[in-house]
Amino acid sequence: MKRNEPARLALVFLIAFGFRAVMVGTIPEIRISSDSEDYLALAESLRTEGAFARDGRPETYRTPGYPCFLFLARFLGMEPPRGIALSQAVLSALGVMLTFTAAERLFGGPAAWTAVLLLSAHPTELFSVTSLLTESLFAFVLTVIVWSVAAGGNQRTITAFSCGCLAGVACLIRPVAAWLFAPMAVVFVLGAKGFRERLAVGILCLAGGILFQGGWMWRNHERYGSFYLTEIPAAALYVYWAQSAQAWNTGESEEALQQQAWNEWDEARGRLDPLAMNHEFTQRARRMLEEHYTALGPVWARGMIRQVVDSSAMKLIERYRPDWPLEAGQQRKAIRDPESFSQFVLALGLGTIRALELALTLVLYLTGLVSLWRWWKKRPERFTRNLAVGIAGLLVAALVLVSATPAANERFRAQYLPLLVLLASPVLVDWARSVAPWFHRSGFGGSRVQLWQTEEGKPSGEPPLFHRHGESN
């Protein structure tokens, strides 16, 4: 550890937490959705009854990860909603600190500070901590996974087991991560040296995932007689995929169809057990999708686009000023045909913010992909040394694909954003360095470029303030 390491980490935490604390303290209301109400009710069940249950029946629809976090936060005196949001702000800031540590070890100081700057005030991060939903906790656990690989050095067996356990925990926070520990085990095997180590890391990673995800499924088997995770896939298949496909083909209102489907789900919940619910709505969805299978491609593509373009900044602004024209269509109309000059300026300003956020998001996806390509090209000599890059890429790629659903929005981007920024940061630094000589020749760089020179007058590649380390990782 460097002599000034604690001070630097404390600075990173304070920067990230400062932005989040201001947002939590000033936002008019912390978002509580119907999902939030479910999580809070289950946390209350844990607190008062000592059971994870809904209406006296063991709960299987919601997994226990986030309700347990809410229970712990309340045990520590953090009352909902603002106290819980502050807890999420602390957790998110710790995630930024871990991202900084991992990026510095993998890519060097400039990339680490770039990641900190991008994550500290990113609107998706700020919106996430001000909503009582699973994304902040889920993103933190994924960050811990990648950090543990980056910091694990040659302790591959211990790291593989701990990452498998964390992947199992992540699944209990958001079931979208179900079975993700299996491809993660494959990456560990590919990055290991020798048959014995490959066998050990593969088995241990799988064992860690099964310990948590399998433990929850065993609990469901004990209650209802079947090894299964949750009814959420059945609900998503029927309420979102089936109704969206029908709406796409028939021109009916997608929102009305989904609301009707939720009403059917709620009605059935009162008379069917979880297994019957799972079977009933899976069958309903399949029958509908067989009729409208031609709409699945367009619906999936639209979900992928929404995952990228949905604006967190607009949602944050709307919390403060819901009267402003925040919809993209309203903004365009106000710019083309403004009722007043002030409305034109407002719409132009909001449109600019939306455009900048989208541009940044697209750049992050692009640079993250470039970073993974560079890592892959350097195999096998750097495959094992920077295994954390492969793990981060696997997690991001899997979540991007699985999250391209009809219900996709900025929430789905929030769950993997810290890892995407981690991957993107070294490429952003390289691109910045590549354009720096042009700025210098144009007269914008001044004499500061000399700070990036060695004593012999040759470019050092990075400022003396930062030093690349962890090359043996």
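- The pair Arg319-Glu29 does not meet the salt-bridge criterion, since no charged nitrogen lies less than 4.0 angstrom from a carboxylate oxygen.
- No hydrogens or angles considered: a donor-acceptor pair under 3.5 Å links the side chains of Thr26 and Tyr320.
- Here the shortest heavy-atom pairing between Trp216 and Leu229 reads NE1-O, 2.8 Å.
- Checked against Pro80 for a side-chain contact (heavy atoms from CB on, under 4.5 Å), the options Leu70, Ile30, Leu40, Ile32 give a single hit: Leu40.
- Rounding to the nearest 0.5 Å places CZ of Phe140 at 9.5 Å from CG of Leu166.
- Using a cut-off of 4.0 Å between Lys/Arg side-chain N and Asp/Glu carboxylate O, Asp430 and Arg374 are scored as salt-bridged.
- The pair Glu5-Arg105 does not meet the salt-bridge criterion, since no charged nitrogen lies less than 4.0 angstrom from a carboxylate oxygen.
- The two residues Ile173 and Gly65 have their closest heavy-atom pair at CG1-CA, 4.0 Å.
- Salt-bridge check for Glu254 with Arg302: passed, with a basic side-chain N closer than 4.0 Å to an acidic carboxylate O.
- Using a 4.0 Å cut-off between charged side-chain N and carboxylate O, Arg306 and Glu410 make no salt bridge.
- Summarising the geometry of Val421 relative to Ala115, their closest heavy-atom pair is CG1-CA, 3.7 Å, with the distance given to 0.1 Å.
- Aromatic ring pairs are classed by plane angle as parallel below 30°, tilted from 30° to 60° and perpendicular above 60°; the pair Phe181 and Trp179 is tilted.
- Heavy-atom minimum distance, Ala103 versus Ser425: CB-OG, 4.4 Å.
- Note: Leu9 CG to Leu14 CG = 11.0 Å, rounded to the nearest 0.5 Å.
- One side chain, Ser244 or Gln258, offers a donor N or O that lies under 3.5 Å from an acceptor on the other.
- Interatomic distance, OG of Ser92 versus CE of Met97, reported as 12.0 Å (0.5 Å rounding).
- Between Phe138 and Val176, some side-chain heavy-atom pair lies under the 4.5 Å cut-off.
- Ile353 has its side chain within reach of Met314: a pair of non-hydrogen atoms, C-beta onward, lies under 4.5 Å apart.
- Closest approach of Ser131 and Tyr66 over heavy atoms only: O-OH, 4.5 Å.
- Using a 4.0 Å cut-off between charged side-chain N and carboxylate O, Asp35 and Arg411 make a salt bridge.
- The shortest non-hydrogen separation linking Gly95 to Thr143 is O-CG2, 3.5 Å.
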